[in-house]
Amino acid sequence: MNLPRPLRTAVAPALLTATALIALTACGSSEAAGGDSGAGGTVDIRIPDPGNSGVLALGKKDGSLDKALAKAGAKVRWTGSAGPFAPAAQAMNADQLDIATGSITSGITSLAQRPGFKFFTAVDPDAAGEGILVKNGSGISSVKDLVGKKVAVNQGGTGEYLLLKALDKAGIPADKVKRVYLRPDQTAAVFNAGKVDAWAVWATYAVAEIGSGKAHFVADGAAIGSDNYSLNAVRTGFAEQHPEIVKALYQYLHDASAEEKQDPAVYLNVFTDVGPTAVTGRAKEVQTEFTRKGGTVDPIGPEDIARFEAVAGFYAEQQVTTDKVDVAAHLLDIEKLK
């Protein structure tokens, strides 16, 4: 049984965009190096644009993030846009990005390469907003009904982890279910066209499907026993040069995530309430419910590290990674940064 850590809710919203597990994508190769001093010696910290929802979206709109970072001599340079963690990790490795967010699952596969980043915050696994999504009336009423079916997953990330974890818990060999590897932003059309039977997915994409009234989780994160934390990563060189800025960013995210949990509506549709980036109707209700059940951005503690290592061991066992990744070697203790 997974127990929440003390004084923290055991569910995770997204940290840097809407209240879902969203990772951050790379910026272009033309971006100047992070940590550059601008006017008055202010340091730029490169963070992908937060979009229309979430703590950073509101922080961008009302100026509160730059105000908080100014106390540490920094300001944000918004760059790129939201997307998978893998390209964000590559961008940090190439000194094109300073901050990114992703799940521990996608983080482990990125750490299996040659990482130039470290994780410095954690949000507990999302018990409500991630899981195995199926269409209403599909005839799939349990994980065991997935045998012989096709399930869409993002390779090496949250989706593949959720499916493998669900099958393992149900005692079903992984090869009894066909994994269909798709990018998350390309999966909705495939799922709705009936070309896959289920979709292992997180709130970023699940909210719209559940909000449509046409789909539901056959097993959510709680039922699966997910250890899929959401983490913030920082480019190693930036953390070494500017620990006080990283600490200031952490404090902002921690405080804002607690406020978001109490009043989710303020953090939705920050710039516009119409168009493709807006969350409306029943989907807005679903997102608000997930956020209220969500956790906050906190330091990484010993109990978290033990669960990270369990995920790394599971990935090696399931042959997602060749060997067990040493996650602990790539963590920062935010409370010890000076």
Side-chain angles (χ1 to χ4, degrees), residues 1-4 9-14 19-21 103-106 123-182 184 187-188 190-192 194-230 282-283 285-287 289-295 307 310-311 314-315 317-318 320:
M1 178 178 179
N2 295 325
L3 298 176
T9 306
V11 195
T19 48
L21 290 175
S103 63
I104 182 59
T105 48
S106 58
V123 180
D124 288 319
D126 190 352
E130 64 180 13
I132 312 297
L133 194 71
V134 299
K135 289 184 179 179
N136 297 344
S138 67
I140 300 173
S141 59
S142 71
V143 172
K144 292 184 177 180
D145 293 331
L146 294 174
V147 171
K149 300 292 196 298
K150 294 184 290 185
V151 182
V153 302
N154 60 312
Q155 188 170 13
T158 292
E160 187 162 30
Y161 169 77
L162 291 172
L163 176 60
L164 291 173
K165 188 75 173 177
L167 295 176
D168 184 68
K169 186 172 183 180
I172 301 169
D175 62 4
K176 296 297 183 181
V177 175
K178 171 68 175 179
R179 277 171 270 176
V180 179
Y181 293 122
L182 293 169
T187 307
V190 177
F191 175 71
N192 287 304
K195 295 180 180 179
V196 293
D197 302 292
W199 182 6
V201 66
W202 58 102
T204 304
Y205 302 97
V207 164
E209 303 303 324
I210 295 172
S212 73
K214 298 178 181 179
H216 65 279
F217 284 136
V218 70
D220 60 15
I224 292 170
S226 172
D227 276 327
N228 188 38
Y229 282 76
S230 180
R282 173 58 182 156
E285 296 175 11
V286 172
Q287 182 65 80
E289 180 183 353
F290 286 166
T291 303
R292 285 205 177 103
K293 293 178 180 178
R307 291 170 71 177
V311 176
F314 181 73
Y315 258 27
E317 176 187 312
Q318 295 290 325
V320 177

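The salt bridge (charged side-chain N to carboxylate O under 4.0 Å, His left out) check on Glu317 picks up nothing, with sequence neighbours excluded. Applying the side chain to side chain contact (heavy atoms under 4.5 Å, CB included) test to Ala206 and every residue at least two apart in sequence or in another chain returns Val201, Ile210, Phe217. Not counting sequence neighbours, Gln318 has no partner by the side-chain hydrogen bond (donor to acceptor under 3.5 Å, both in side chains) test. Taking the side-chain hydrogen bond (donor to acceptor under 3.5 Å, both in side chains) definition, one finds that Asn136 meets it with His216, sequence neighbours left out. Considering only residues two or more places apart in sequence or on other chains, Ala152 meets the side chain to side chain contact (heavy atoms under 4.5 Å, CB included) condition with Leu182, Thr187, Val196, Trp199. Tyr315 pairs by the ring-ring contact (aromatic ring centres under 6.0 Å, His included) definition with nothing, not counting sequence neighbours.
Side-chain atoms of Ser226 and Glu130 form a donor-acceptor pair, as typed in the model, at a separation below 3.5 Å.
Applying the salt bridge (charged side-chain N to carboxylate O under 4.0 Å, His left out) rule to pairs touching residues 154-166 yields Glu160-Arg179, sequence neighbours excluded. Within the structure, the salt bridge (charged side-chain N to carboxylate O under 4.0 Å, His left out) test picks out no pair touching residues 194-209 (sequence neighbours left out). A salt bridge (charged side-chain N to carboxylate O under 4.0 Å, His left out) check over residues 141-158, counting only residues at least two apart or in different chains, returns nothing. Within the structure, salt bridge (charged side-chain N to carboxylate O under 4.0 Å, His left out) pairs that include any residue of residues 166-177 do not occur (at least two apart or interchain).
Contact of the Ile104 side chain with the Asp227 side chain is not registered, since no non-hydrogen atoms from C-beta on lie closer than 4.5 Å.
Checked for salt-bridge contact, Glu289 and Arg292 miss the test: no charged N lies under 4.0 Å from a carboxylate O.
Each of Thr204, Thr105, Leu163, Val153 was compared with Thr158 under the side-chain contact (heavy atoms from CB on, under 4.5 Å) criterion, and only Thr105 meets it.
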